[in-house]
Amino acid sequence: MTANEALFDYTLRLGDDALILSQRLGEWCGHAPALEADLSLTNVALDLIGQATLFLTYAGEIEGKGRDADKLAFHRDVNKFRNSLLVEQPNGDFGRTIARQFIFSTYQRALYQELMRSSDPRLAEIAAKALKETTYHAELAAEWVVRLGDGTEESHERVEDGFEWCWRFVEELFTAEPADAGLISAGIAVDPAKLRASFDATLAATFAEATLALPKYPRPVTGGRKGHHSEHLGHLLAEMQFLPRAYPDAVW
Amino acid sequence: MYTTEMSKNPTRQGPSAAEPPELLEAFEARVANDEFIEPKDWMPEAYRKTLIRQISQHAHSEIVGMLPEGNWITRAPSLRRKAVLLAKVQDEGGHGLYLYSAAETLGTSRDEMLDALHSGKAKYSTIFNYPTLTWADIGAIGWLVDGAAIMNQVPLQRTSYGPYARAMVRVCKEESFHQRQGFEIMMRLAAGTPEQKAMAQDALNRWWWPSIMMFGPPDENSPNTAQSVRWRIKRETNDELRQKFVDVTVPQAESIGLTVPDKDLKWNEARGQYDYGAIDWEEFWAVVKGEGPVAKERVKARTEAWEKGAWVREAALAHAAKQAARRQKEAV
């Protein structure tokens with residue numbers, strides 16, 4: 001992989017994580033437990049779609065084959081997506097959605113805090129802009145983890161089940177791809193392993209307040225960064241991509 | 001979005017025996033003088049009830065209205081369209097919030113209003129009981145449904161009840177953005193491939209009549225109009241608003257090469273307005289009664305969201321109570 005290809009792949013990962021999670025959150029619209037929760041979930045979805053657009057636009061420019069953000073979002077097949085397995089997981093109940101959001105936004109906040117210092121000015125600029133949004137997402141999710149963990153017996157159990165679903169996907173977030181080595185040493189990409197301590201500390205503090213037990217991580221499941229996804233992503237894309245695929249000549 | 005008078009039975013017209021005539025007279029005078037009535041002011045019981053019904057119907061319309069458009073968020077055809085639609089549907093949810101709050105100032109609670117919605121006792125705008133079948137329906141809703149909402153809501157910015165009028169000021173600003181984005185979707189489709197243009201025309205064919213029905217029954221059959229106009233709850237009649245909407249919308253359709261599906265539609269030089277064909281009021285009343293094509297789906301979706309979310313709301317309350325207890329303990 002050339003340096004340019006490695007940067008394309010890295011930027012795609014950033015964009016695909018935001019895009020796919022946004023798509024999942026959009027499914028909640030009109031169906032959340034209360035109007036306020038509905039608004040906050042779609043708010044997060046809206047921020048993420050903005051981030052996805054910026055990263056995918058840049059990825060298309062890096063690639064230099066004339067693909068724009070829409071082309072990348074709507075005309076790639078499942079094995080070309082580079083998002084983590086965590087973000088494509090189905091929403092489940094509100095407990096699982098919150099668990100997924102807490103894990104992802106806590107990771108993403110730590111990531112953007114570093115990425116805003118990237119030697120690639122575009123990545124740095126997008127991360128700096130997105131950090132404010134992501135900080136809000138992480139706080140919102142942590143507040144819900146505390147509410148649900150500390151709330152009732154049922155909510156405690158449900159949010160615990162939600163986290164149980166997600167633990168196997170955590171490791172992937174903190175694992176660099178072999179092709180990243182050059183980008184990391186050039187100060188372009190962030191070494192995700194370095195973000196783990198901050199993630200663990202936030203998790204410990206939030207779980208203490210939420211009266212939740214710290215996780216016993218199972219064997220990790222990975223593959224998303226290479227395009228080996230769960231069965232869920234194909235269905236998500238079938239829904240998301242159907243119009244541009246059905247009418248390839250149309251402009252919307 | 002929009003609601004209209006959907007009760008066939010008029011509310012009590014005369015003053016209740018318990019209402020002192022001098023208060024009633026002072027109230028009527030203030031309203032006639034275009035003053036705002038505020039939550040703590042004295043008001044006749046029938047005024048309060050009519051407003052609770054109208055504002056809660058309006059709030060329910062916003063919330064149920066999130067469903068037909070929400071149906072296309074996951075399938076919007078570009079990232080920009082997806083973002084705009086998400087923002088729009090969020091606005092509708094926000095309108096629901098202000099409106100429930102405005103209704104609460106009249107002595108009802110959001111939970112009571114939602115119970116009435118879920119049990120089928122409370123109505124919401126008939127338009128949301130029609131399905132969104134293609135992407136063009138998202139354009140048609142923005143253009144026609146939000147366009148109709150603006151016609152209805154602009155005069156409500158001067159409605160006599162202060163909290164409702166103020167909510168409408170915020171709502172109207174956002175609705176005009178919604179109307180423009182809907183029209184822009186239609187414009188793009190109408191200028192697109194033959195399939196896209198056909199999609200746009202099909203959406204106009206299906207949404208036109210339900211949209212002009214949104215203004216409610218004709219004036220001669222609108223039992224509450226006279227009193228509502230006198231009380232400045234309504235500022236223009238259903239037929240006046242409907243005519244305005246037709247007059248504004250027909251040239252818009254023509255400008256993008258779409259045909260309004262009404263063979264009797266023609267410009268009346270003498271009136272300076274369009275004449276339009278007969279509206280199928282039987283369909284309107286059937287939809288009001290809950291017999292619209294997707295009425296069952298809409299109520300089921302709302303009820304399920306509420307029931308499935310009960311544990312979350314209970315958890316939030318339980319956590320808040322525990323926190324309060326802990327703070328109290330620390331203070332001792």
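Chain letters run A, B, ... following the sequence lines, proteins first, then strands; residues in each count from 1.
- Distance check, rounded to the nearest 0.5 Å: OG1 of Thr42(A) to CE of Met66(B) gives 6.0 Å.
- Around the NZ atom of Lys300(B), the shell of radius 6.0 Å holds no more than 12 heavy atoms that belong to other residues, nucleotides or ligands.
- Counting heavy-atom pairs under 4.5 Å between each of Arg24(A), Glu154(A), Glu239(A), His31(A) and chain B puts Glu239(A) at the top.
- Proximity to chain B (any heavy atom under 4.5 Å) is restricted, for Trp144(A), to the side chain, taken from C-beta onward.
- Interface remark: Leu114(B) contributes no atoms to any contact with chain A (heavy atom separation under 4.5 Å).
- Side-chain contact between Leu39(A) and Leu97(B): present, with at least one pair of heavy atoms (C-beta onward) separated by less than 4.5 Å.
- Proximity to chain B involves both the backbone and the side chain of Ala45(A), based on heavy atoms less than 4.5 angstrom apart.
- Of all residues in residues 242-252 of chain A, those placing a non-hydrogen atom less than 4.5 angstrom from a non-hydrogen atom of chain B are Phe242(A), Leu243(A), Pro244(A), Tyr247(A), Asp249(A), Ala250(A), Val251(A), Trp252(A).
- Of the two parts of Gln90(B), the backbone and the side chain both hold a non-hydrogen atom closer than 4.5 Å to a non-hydrogen atom of chain A.
- Chosen from Thr193(B), Asn71(B), Leu79(B), Leu86(B), the residue pairing most often with chain A at heavy-atom distances under 4.5 Å is Leu79(B).
- Residue-environment remark: CD (Glu209(A)) stays at or below the threshold of 12 foreign heavy atoms within 6.0 Å.
- Counting heavy-atom pairs closer than 4.5 Å to chain A, the top residue among Gly93(B), Ala301(B), Gly70(B), Ala191(B) is Gly93(B).
- Residue Leu236(A) does not touch chain B at all, counting heavy-atom pairs closer than 4.5 Å.
- If you take CZ on Arg75(B) and CD on Gln241(A), they are separated by 14.0 Å, rounding to the nearest 0.5 Å.
- Between His319(B) atom NE2 and His156(A) atom NE2 the span is 14.0 Å, to the nearest 0.5 Å.
- In this structure a side-chain-to-backbone donor-acceptor pair under 3.5 Å is missing from Lys82(B) to Ile49(A).
- Annotation: maximal heavy-atom pairing with chain A below 4.5 Å, among Glu184(B), Glu304(B), Arg326(B), Arg80(B), occurs at Arg326(B).
- Distance alone, capped at 3.5 Å, is enough to place a donor-acceptor pair between the Arg302(B) side chain and the Gly30(A) backbone.
- In this structure, the portion of Ala76(B) lying under 4.5 Å from any heavy atom of chain A is its backbone and not its side chain.
- Of the atoms belonging to Asp150(A), heavy atoms from both backbone and side chain fall under 4.5 Å from chain B.
- Looking at Gln23(A), its side chain does come within 3.5 Å of a backbone N or O of Thr74(B) through a donor-acceptor pair.
- Among all heavy-atom pairs drawn from Gly96(B) and Leu35(A), the shortest one is C-CD2, 4.2 Å.
- Heavy-atom distances place the side chain of Met199(B), and not its backbone, under 4.5 Å from chain A.
- Residue-level contacts of residues 308-318 of chain B with chain A, in order of numbering, are Gly309(B), Trp311(B), Val312(B), Arg313(B), Glu314(B), Ala315(B), Ala316(B), Ala318(B); threshold 4.5 Å between heavy atoms.
- Residue contact with chain B, scored on non-hydrogen atoms closer than 4.5 Å, involves the backbone and the side chain of Val146(A) alike.
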